[in-house]
Amino acid sequence: MTTHAPQAAQAVTLPGLLDEAVAALAAMPWAVPVAGGTDLMTAVNSGQLRPAALVGLGRISEIRGWQYQDGHALLGAGLTHARMGRPDFAALIPALAAAARAAGPPQIRNAGTLGGNIATAAPTGDALPVLAALEATLVIAGPGGARREMPVSHLLAGMEMLRPGELIGFVRVPLLHAPQVFLKATGRTGPGRAAASVALVLDPARRGVRCAVGAIAPMPLRPLDAEAWVAGLIDWDGERTLVPEALQAFGEYVAAACIPDPAPEVDGSVPPLPPAVLHLRRTVAALARRALGRALS
């Protein structure tokens, strides 16, 4: 995998069950879990990380699929981006499938996993704004067969953290049976790291719009006021269409909420945003506008 590997890991454990992996981590608190390794091995190769032990998760079949459960999809943390990008999964959770297809080149999509995307919590993680917009929940596996749940947003915001010996086992996602959109802007053509991304889902049962903006902050941002405002404009019992002016206003509302104006100076004047930040705000506005337009079309 890398020329640094013999120095990076003095012990490698390859459990076949989720609870075996948890037990291995509990027995070796210094060990690092690894699934696809797309982020971990980058850190190892660059010399930023020298784990004393690794617990490989690639042989745990129970976390590599999904199942239906009480109106939700229970997704295994070992699902790869490539698997989530397939048509059968796209019919289940379209926005997450779109994010998985945009996660990078084939070698990254074939190796990278849903759980790894969450645990690494990189701001540019494509799955993260989708999970935030869907208000997904993590199922955490702990020692002794223990299971507990927490919202994905709590982990990403640092409100709750994984305890020693715990692993992300599954992700519970509500099946909304309504349009979902994921869009992202990159600094170059083709799959790449997002400069900004937007996930938007409609929730007809609650007559709501949920939107999350990724890559512009350490965690996905939810413009709650913008969501509530635009949801009140939609005719949920009719054609669910909005005039272009409303779409434009929604995009600007989202962008201003996520990238606010600078604080006023002592004299009351408001300094302008730097050109790069202003460009990013315009990008977010355009993504949010297009995402809502596609969801309602």
Side-chain angles (χ1 to χ4, degrees), residues 1-2 5 9 12-22 24-25 31-45 49 51 54-67 72-86 88-90 92-93 95-132 134 136-141 147 149-150 152 155-156 162 166-173 182 184 191-194 197 199 214-215 219-220:
M1 296 174 66
T2 168
V12 178
T13 303
L14 299 173
L17 298 174
L18 181 58
D19 285 332
E20 291 178 355
V22 170
L25 287 173
V32 177
V34 57
T38 54
D39 290 315
L40 175 66
M41 296 315 299
T42 298
V44 169
N45 287 335
L49 184 64
L54 295 176
V55 176
L57 309 179
R59 296 184 179 180
I60 306 177
S61 59
E62 63 190 291
I63 62 172
R64 298 182 69 85
W66 72 82
Q67 57 184 294
H72 292 71
L74 192 64
L75 312 179
L79 276 170
T80 64
H81 298 302
R83 186 65 190 89
M84 292 187 291
R86 295 182 186 177
D88 58 340
F89 191 92
L92 189 72
I93 312 173
L96 192 54
R101 290 192 293 266
Q107 61 268 29
I108 295 297
R109 298 198 302 273
N110 288 333
T113 63
L114 177 62
N117 211 213
I118 299 168
T120 302
T124 54
D126 291 317
L128 304 186
V130 179
L131 296 175
L134 289 169
T137 302
L138 300 177
V139 179
I140 309 298
R147 298 291 186 270
E149 298 191 12
M150 76 165 80
V152 172
L155 179 66
L156 299 179
L162 294 181
E166 288 188 329
L167 276 173
I168 299 172
F170 303 92
V171 183
R172 192 189 310 279
V173 178
F182 171 80
K184 81 174 187 178
R193 292 189 179 276
S197 61
M219 58 188 167

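Values reported hereafter were calculated over all heavy atoms of this structure, with side chains retained and with hydrogens, waters and symmetry mates removed.
Rounding to the nearest 0.5 Å places CG of Leu134 at 10.0 Å from NE2 of His72. In this structure, CG on Leu54 lies 8.5 Å from OG1 on Thr13, to the nearest 0.5 angstrom. Atoms CZ and CG, from Arg172 and Leu75 in turn, are 10.0 Å apart once rounded to the nearest 0.5 Å. Rounding to the nearest 0.5 Å places CZ of Phe89 at 11.0 Å from NE2 of His81. Taking CG from Leu167 and CG from Leu138, the interatomic distance works out to 12.0 Å, rounded to the nearest 0.5 Å.
Proximity of Val171 to Thr137: side-chain heavy atoms (C-beta onward) are nowhere separated by under 4.5 Å. Counting only heavy atoms from C-beta outward, the side chains of Trp66 and Val173 never approach each other to under 4.5 Å. A 4.5 Å side-chain heavy-atom check between Asn117 and Leu131 finds every atom pair outside the cut-off. Contact check for Met219 versus Leu128: no side-chain heavy atoms found under the 4.5 Å cut-off. At a threshold of 4.5 Å between non-hydrogen side-chain atoms, the residues Leu25 and Glu166 do not count as touching.
Between Thr38 and Ala111, the closest heavy-atom pair is CG2-CB, 3.9 Å. Between Ile60 and Ala21, the shortest heavy-atom distance links the atoms CD1-CB, 3.8 Å. In terms of heavy atoms, Ala100 sits closest to Met84 at CB-CB, 3.8 Å. Closest of all the heavy-atom pairs between Ala77 and Thr113 is O-CB, 3.5 Å. In plain terms, the two heavy atoms of Ala73 and Leu92 that are nearest each other are CB-CD2, 4.0 Å. Of all heavy-atom pairs spanning Arg193 and Thr124, the tightest one is NH1-OG1, 3.2 Å.
When atom types are taken as modelled, the side chain of Arg109 and the backbone of Gly104 share a donor-acceptor pair closer than 3.5 angstrom. One N or O on the side chain of Arg101 and one on the backbone of Gly85 form a donor-acceptor pair closer than 3.5 Å. Lys184 contributes a side-chain N or O that, together with a main-chain N or O of Ala102, makes up a donor-acceptor pair within less than 3.5 Å.
Within a 6.0 Å sphere centred on CZ of Arg147, heavy atoms belonging to other residues, nucleotides or ligands number more than 12.
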Step by step, work out the side chain to side chain contact (heavy atoms under 4.5 Å, CB included) result for Glu20 and Leu14. CA-CA 9 Å; Glu20 291 178 355; Leu14 299 173; over 6 Å; no
